[in-house]
Structures are given as structure tokens and as C-alpha cells.
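Below is one structure, written out as C-alpha cells; comments come after it.
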Amino acid sequence: MARSARARTSPSASRSSPKPVAGQTLQALAYDLIKERLVSARYVPGQFLQESTICEDLKLGRTPVHQALHQLQQEGLLEIIPRKGIFIKVDSLTEIFTALEVRALIEPYCASQCAERATMADVAELKEILNEYEKLREKSDSIRLMELDRRFHTTIARVAGNKLIVEVLRPIHERMSRLWFMPHWQFSDYDMTSSEHHKLLKAVEKHDSGAAAEAMKAHIESLRKRILATGSTP
């Protein structure tokens with residue numbers, strides 16, 4: 001279960017400095033880049049990093065990185081420990097199950113509302129997400145599969161029509177994304193996620209709100225049981 005204490009960096013990170021998009025500050029760029037590395041577990045939970053190492057990885061200056069790190073500390077994703085460095089926080093089983101409890105309360109409602117409101121275009125968008133997931137499943141591309149999983153759940157919440165719920169679920173999904181990079185996450189987990197998503201989509205396509213809510217509830221409970229069976233965190 002031991003994992004490397006070194007940050008995993010992409011090949012592109014070492015070649016050139018990233019550029020902010022129009023209207024984006026360097027702090028916002030640093031925030032996005034660090035958060036992507038936290039969510040995808042490229043900065044491994046439980047490891048210590050130095051601010052200088054993160055600056056070198058991102059090819060950004062100290063000030064925007066420093067500001068971004070403090071913002072992410074406020075969100076609970078990392079801890080800045082004086083004279084030691086940046087500690088990448090590990091979510092406990094209690095924290096994970098608390099997040100799942102919130103999801104189990106909110107997302108079945110979202111699925112129900114999505115089934116009632118979904119247009120043909122919405123259904124087509126969900127199908128496209130799952131089709132792309134199927135193409136990548138054989139390759140076990142954890143990062144892209146994780147991104148598609150989040151996109152699927154976010155789309156359902158968006159179609160449900162409550163913008164506040166979308167904002168509530170966003171940080172919860174981001175925190176839980178690291179589960180995709182647990183050492184014991186198996187190919188069967190990708191298969192099960194696919195099967196459960198397709199069952200949910202079928203209910204949405206039929207505009208069966210009750211079946212959609214039950215499918216989402218079963219999907220979240222399935223994840224809870226799998227995590228409980230491993231007895232460990234990322």
C-alpha cells in the first residue's frame with residue numbers, strides 16, 4: 001500500500017511554463033494546476049512537498065503558488081506546516097463516508113429530477129460520456145475515467161435544474177476523485193461503475209424518476225461497500 005513520496009509530474013510540466021487563459025490571474029492558474037494534481041493524486045496523499053518543488057513543477061513564481069496553496073489549505077485539501085512543508089492531506093474513512101452520506105441524500109433526488117427534465121439532447125450528452133468511458137475502460141486510464149465519472153454525475157445534477165446543488169456537490173466529487181487512484185482499485189471497479197451508470201442512464205432515458213433515484217442510490221451504496229471492504233483510504 002506504500003506509495004512514492006515524490007510528486008508525479010507530467011512530461012509537459014517540465015518543458016515550458018503554463019500560460020493563463022484570458023482574464024485568468026497567475027494565482028488562479030496556480031490554483032487550478034495544483035488542485036488538478038491533488039484531485040488526480042499526482043501529489044500523493046500523505047506526502048510532504050516543499051513550496052519550491054511545487055513552483056519548479058508548475059514553472060510558476062513563488063507568489064502565485066504561495067497564494068494558491070493558502071486557498072487550498074482553507075478548502076482542506078492540504079496543510080501548510082511551518083518549517084516542514086506542504087502536507088497533502090489524507091481523507092479518513094470517516095470523512096469519506098460522511099461525503100458519501102451527503103451524496104446519498106442529494107444525488108438520488110438529482111437523478112429523479114434529471115429523469116423528469118431530461119431532453120433528447122441531455123440524454124445524448126450522457127450517452128456520449130458513457131461511450132467515451134467505454135472506449136477508455138480497456139486501457140484503465142484512471143485520470144480520464146475519473147474525469148468522465150465526474151462529468152456524468154455533474155451533468156445529471158445540472159439537468160436536475162438546481163444550480164446550488166451543483167455547487168454543493170462539486171467539491172465533494174473533487175475530494176472523492178482520489179479514490180480512483182487507490183492502490184487496490186481494480187479493473188472490476190471500472191466495470192461496476194460502467195454497469196451502474198448505464199442502468200441509471202436507462203432510467204433517465206425512460207423518464208422513470210423512481211427508477212433513476214433507486215439506481216443512483218444503489219450506485220452510491222455500491223461504492224460505500226467497496227470502500228468499506230478495502231478498509232483503507234487513498
Side-chain angles (χ1 to χ4, degrees), residues 1-10 12-14 17-21 23-103 105-107 142-143 146-147 149-151 153-154 157 163-183 185 223 227 230 232-234:
M1 305 289 282
R3 303 185 69 168
S4 169
R6 298 176 60 189
R8 295 193 294 270
T9 59
S10 65
S12 60
S14 62
S17 300
K19 304 295 182 184
V21 299
Q24 185 184 38
T25 65
L26 284 174
Q27 178 185 343
L29 175 61
Y31 172 88
D32 288 344
L33 292 173
I34 297 170
K35 191 166 190 176
E36 184 273 332
R37 284 158 170 75
L38 292 169
V39 169
S40 65
R42 286 166 62 190
Y43 289 166
V44 183
Q47 78 174 137
F48 273 98
L49 289 173
Q50 298 302 313
E51 190 172 289
S52 58
T53 302
I54 297 174
C55 292
E56 182 181 352
D57 176 31
L58 303 183
K59 301 301 180 187
L60 290 175
R62 189 179 185 87
T63 297
V65 168
H66 183 78
Q67 293 170 336
L69 287 171
H70 277 273
Q71 186 177 349
L72 289 162
Q73 178 176 233
Q74 291 175 351
E75 295 180 17
L77 289 171
L78 52 82
E79 185 177 357
I80 301 172
I81 303 177
R83 295 182 297 279
K84 283 194 174 182
I86 314 301
F87 178 69
I88 310 304
K89 293 189 69 174
V90 179
D91 291 330
S92 67
L93 283 175
T94 298
E95 289 172 318
I96 290 173
F97 288 144
T98 297
L100 281 172
E101 184 177 359
V102 174
R103 289 185 61 184
L105 289 170
I106 297 176
E107 292 196 66
S142 296
I143 291 179
M146 172 271 291
E147 291 171 347
D149 176 77
R150 280 171 51 194
R151 183 178 160 198
H153 283 270
T154 299
K163 293 182 180 179
L164 181 57
I165 287 179
V166 174
E167 290 305 307
V168 168
L169 288 174
R170 179 183 57 79
I172 295 174
H173 283 146
E174 288 176 346
R175 291 286 288 271
M176 295 199 67
S177 291
R178 290 190 291 185
L179 292 173
W180 287 76
F181 307 94
M182 293 168 71
W185 202 253
L223 178 56
I227 296 170
T230 67
S232 60
T233 54

Which atom of L49 lies closest to which atom of T53, heavy atoms considered: CD2-CG2, 4.5 Å
Quick check: closest heavy atoms across T25 and A28, and the distance to 0.1 Å? OG1-N, 3.0 Å
Any heavy-atom pair between the side chains of K89 and L77 that's under 4.5 Å? no
I need the minimum non-hydrogen distance between P45 and V90, along with the two atoms involved. C-CG2, 3.5 Å
Residues in salt bridge (Lys or Arg N to Asp or Glu O under 4.0 Å) contact with E101, at least two apart in sequence or another chain: none
Inter- and intrachain pairs under salt bridge (Lys or Arg N to Asp or Glu O under 4.0 Å), touching residues 66-83, at least two apart: K35-E75
Set of side chain to side chain donor-acceptor pair (under 3.5 Å) partners for R151, sequence neighbours left out: none
Can you name the nearest heavy-atom pair linking A30 to L58, along with the distance? O-CD1, 4.2 Å
ring-ring contact (aromatic ring centres under 6.0 Å, His included) partners of F97, counting only residues at least two apart: none
Please name the residue in the list L60, L33, V65 that meets the side-chain contact (heavy atoms from CB on, under 4.5 Å) test with I54. V65
With sequence neighbours excluded, what pairs up with K84 under the side-chain contact (heavy atoms from CB on, under 4.5 Å) test? F48, I81
Set of residues satisfying side chain to side chain donor-acceptor pair (under 3.5 Å) with respect to Q67, sequence neighbours excluded: none
Going from CG on L29 to CD1 on I34, what distance comes out if it is rounded to the nearest 0.5 angstrom? 9.5 Å
Just jot down the salt bridge (Lys or Arg N to Asp or Glu O under 4.0 Å) partners of R170, sequence neighbours excluded, or say none. E167, E174
Across all chains, not counting sequence neighbours, the side-chain contact (heavy atoms from CB on, under 4.5 Å) partners of I80 are L69, H70, Q73, L78, I86
Output the distance between atom CG (D57) and atom CZ (R37), rounded to the nearest 0.5 Å. 4.5 Å
Identify the two heavy atoms, one from Y31 and one from A68, that lie closest to each other, and give their separation to 0.1 Å. N-CB, 3.5 Å
Is there a side-chain contact between L38 and I88 in this structure, where contact means two heavy atoms from C-beta onward sitting under 4.5 Å apart? yes
The side-chain contact (heavy atoms from CB on, under 4.5 Å) partner of E107 among L100, L169, I165 is L169
M176/R150 under side chain to side chain contact (heavy atoms under 4.5 Å, CB included): CA gap, chis, key distance, verdict: CA-CA 10 Å; M176 295 199 67; R150 280 171 51 194; over 6 Å; no
